[in-house]
Protein chains: 2
Amino acid sequence: MADTDDNLAIERADRPSSQRKITKILAAARAEFFGNGFSASSIEAIAARAGVSKVTIYSWFKSKENLFAEMVKGECAHLSQNFVDENLESKGVREVLIDTAENMLDFLTRDERVRFDRILAAEVSRDPRVGKYFLDNGPRALLQNLATLLQSAMDQGKMQSSDPIASAEMFVGLVKGHLDLLLRYGEKIDLTADQRRARAARAVDAWMLIHQK
Amino acid sequence: MADTDDNLAIERADRPSSQRKITKILAAARAEFFGNGFSASSIEAIAARAGVSKVTIYSWFKSKENLFAEMVKGECAHLSQNFVDENLESKGVREVLIDTAENMLDFLTRDERVRFDRILAAEVSRDPRVGKYFLDNGPRALLQNLATLLQSAMDQGKMQSSDPIASAEMFVGLVKGHLDLLLRYGEKIDLTADQRRARAARAVDAWMLIHQK
DNA sequence: ATAAAATTGAACGGTTACGTTCAATTAAAA
DNA sequence: TTTTAATTGAACGTAACCGTTCAATTTTAT
């Protein structure tokens with residue numbers, strides 16, 4: 001990212017009105033970047049949408065690149081909520097896994113995420129740091145959580161694995177299939193609650209079958 | 001796409017020199033679009049790279065959008081080679097599946113494909129038809145092939161499935177895991193032949209376990 | 001109230017790029 | 001050879017956009 005250590009944007013914003021404007025700028029940036037990608041979005045349009053002067057944007061964010069990076073940061077924080085169900089005690093193993101898979105599917109099919117995926121991946125060539133930042137704060141952390149959950153599930157159930165991370169990756173693969181691909185290329189997919197649950201259950205059952213003792 | 005029925009670019013190219021230039025233009029377009037994405041690439045740069053006048057480009061391709069679409073077409077044809085191994089008779093079931101999985105992994109990790117994925121997905125918002133075109137000529141066809149192969153394998157082996165397409169999707173999911181995600185976001189992954197084979201074998205064994213009678 | 005910081009609008013210079021026009025040149029077909 | 005099509009370079013009009021400067025105005029802290 002442009003600045004991991006020095007958060008230029010937020011630190012200096014003593015004034016509450018400034019804080020408000022920064023928020024509006026980031027929201028406008030999000031909307032523009034999501035709609036047009038990085039290159040095709042203009043600072044002027046972002047300023048107009050935010051109801052803010054162009055100079056104000058440049059005063060808080062040094063450059064277009066920086067604004068984009070800062071927007072990505074916020075989006076990562078917003079998107080990377082954990083969907084791993086951890087109530088292993090109260091529910092049964094299979095139930096917890098299915099709920100987790102359902103959360104994953106819900107997350108995957110969110111239009112917001114799909115568009116974020118598209119524009120962010122496109123900018124990796126321009127600035128590889130945004131890709132790394134996203135991986136570290138998103139998928140990587142989630143896979144670790146998932147591995148931990150699966151390990152616990154294996155301890156409780158009649159399952160085993162030599163490599164929890166590989167098992168977690170299989171879990172992810174079984175749940176996703178090529179759904180993410182279809183979505184990324186514009187396929188409209190809105191699963192009903194039943195469809196989502198059915199798909200989750202199929203993936204979980206397959207996964208459990210693989211990991212049975 | 002801009003033109004699925006009337007192939008403006010190729011049809012009218014009687015002259016062999018024109019044919020040559022069209023090829024060079026498409027190659028240059030590929031390089032530029034792959035490097036900078038659609039918006040950040042300029043027709044002028046493409047013309048320069050192709051060693052061709054800008055007017056020539058506009059004479060064969062009506063617009064930048066059209067040039068991009070035409071480039072995508074060519075790339076789809078080039079990338080969508082079938083990697084499904086069909087020698088079920090000569091080799092054993094497991095061997096054929098592993099070879100197929102290996103081919104998939106080889107394809108997935110090709111830098112060319114990764115970059116294509118990035119720029120194409122980014123343009124889906126601008127023109128959804130490119131996404132649909134790609135899906136129809138790439139993944140969709142491949143999944144069908146794979147389903148057919150798996151069905152044959154199931155007939156020969158001690159396996160079964162009620163839904164071949166769903167089984168094929170699981171196969172894909174198991175092989176890919178989240179490798180495609182890592183690659184898309186800039187992770188450098190070059191599997192050795194051994195690693196590739198090991199991963200393919202793991203996926204295949206898991207898949208066979210799921211589908212055992 | 002006064003001082004300090006933030007914001008604004010407008011304008012500027014410089015750059016880039018799309019797509020078109022045209023007369024001149026080159027290459028190919030008849 | 002003649003005729004037809006393709007190609008070129010250069011220029012043009014138009015538009016967009018980045019990032020900066022500046023004087024004027026508004027907002028906030030003290």
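We use all heavy atoms of the structure for the numbers below, so side chains are in, but hydrogens, waters and symmetry mates are not. Lettering follows sequence order; numbering is per chain, from 1.
- At whole-Å resolution of the value, OH in B:Y58 and P in D:dA11 are 19 Å apart.
- Residue B:K21 places at least one side-chain N or O closer than 4.0 Å to OP1 or OP2 of D:dT8.
- Listed candidates were D:dG9, C:dG19, C:dT8. Nearest to the side chain of B:S53 is D:dG9.
- Checked by distance alone, A:K54 brings no side-chain donor or acceptor within 3.5 Å of a matching partner on the base of C:dG9.
- Take the nearest nucleotide of DNA chain D for A:V55 and for A:S39: the residue whose nucleotide is more 5' is A:S39.
- Taking atom CZ of residue A:F61 and atom C1' of nucleotide D:dG19, one finds them 16 Å apart after rounding to whole Å.
- Proximity of A:S18 to the phosphate of C:dT7: a side-chain N or O atom is located under 4.0 Å from OP1 or OP2.
- For the pair B:W60 and D:dA6, the criterion of a side-chain N or O lying under 4.0 Å from OP1 or OP2 is not met.
- Taking the six-membered ring where the residue is Trp, A:F33 and A:F38 present parallel rings, their angle staying beneath 30° rather than reaching 60°.
- For the pair A:I22 CD1 and C:dA6 C1', the interatomic distance rounds to 11 Å; values are reported in whole Å.
- The distance between atom CG of B:N36 and atom P of C:dA17, rounded to the nearest whole Å, is 9 Å.
- When heavy atoms are screened at a 4.0 angstrom cut-off, A:S41 is found touching the sugar-phosphate backbone but no base atom.
- Map A:E44 and B:A40 each onto its nearest nucleotide of DNA chain C; the residue landing nearer the 5' end is A:E44.
- Checked against D:dC17, C:dT7, C:dT8, the side chain of A:S42 finds its nearest nucleotide in D:dC17.
- Checked against D:dT7, C:dC18, D:dG19, the side chain of A:S63 finds its nearest nucleotide in D:dG19.
- What separates CD of A:Q19 from P of D:dT28 is a distance of 13 Å, to the nearest Å.
- Ionic pairing of A:D106 and A:R110 is not present here: no N-O contact between side-chain nitrogen and carboxylate oxygen is shorter than 4.0 angstrom.
- Using bins of under 30°, 30° to 60° and over 60° for the plane-to-plane angle, the ring pair B:F83/B:F107 lands in the tilted bin.
- Annotation: cation-pi geometry satisfied between B:R30 and B:F34 (NZ/CZ under 6.0 angstrom from ring centroid, within 45° of ring axis).
- Rounded to whole angstrom, the span from the NZ atom of A:K24 across to the P atom of C:dA6 amounts to 20 Å.
- One can place CZ of B:R20 at 12 Å from C1' of C:dA28, the figure rounded to the nearest angstrom.
- Rounded to whole angstrom, the span from the CD1 atom of A:I25 across to the C1' atom of C:dT7 amounts to 11 Å.
- Heavy-atom minimum distance, B:N87 versus B:V96: O-CG2, 3.4 Å.
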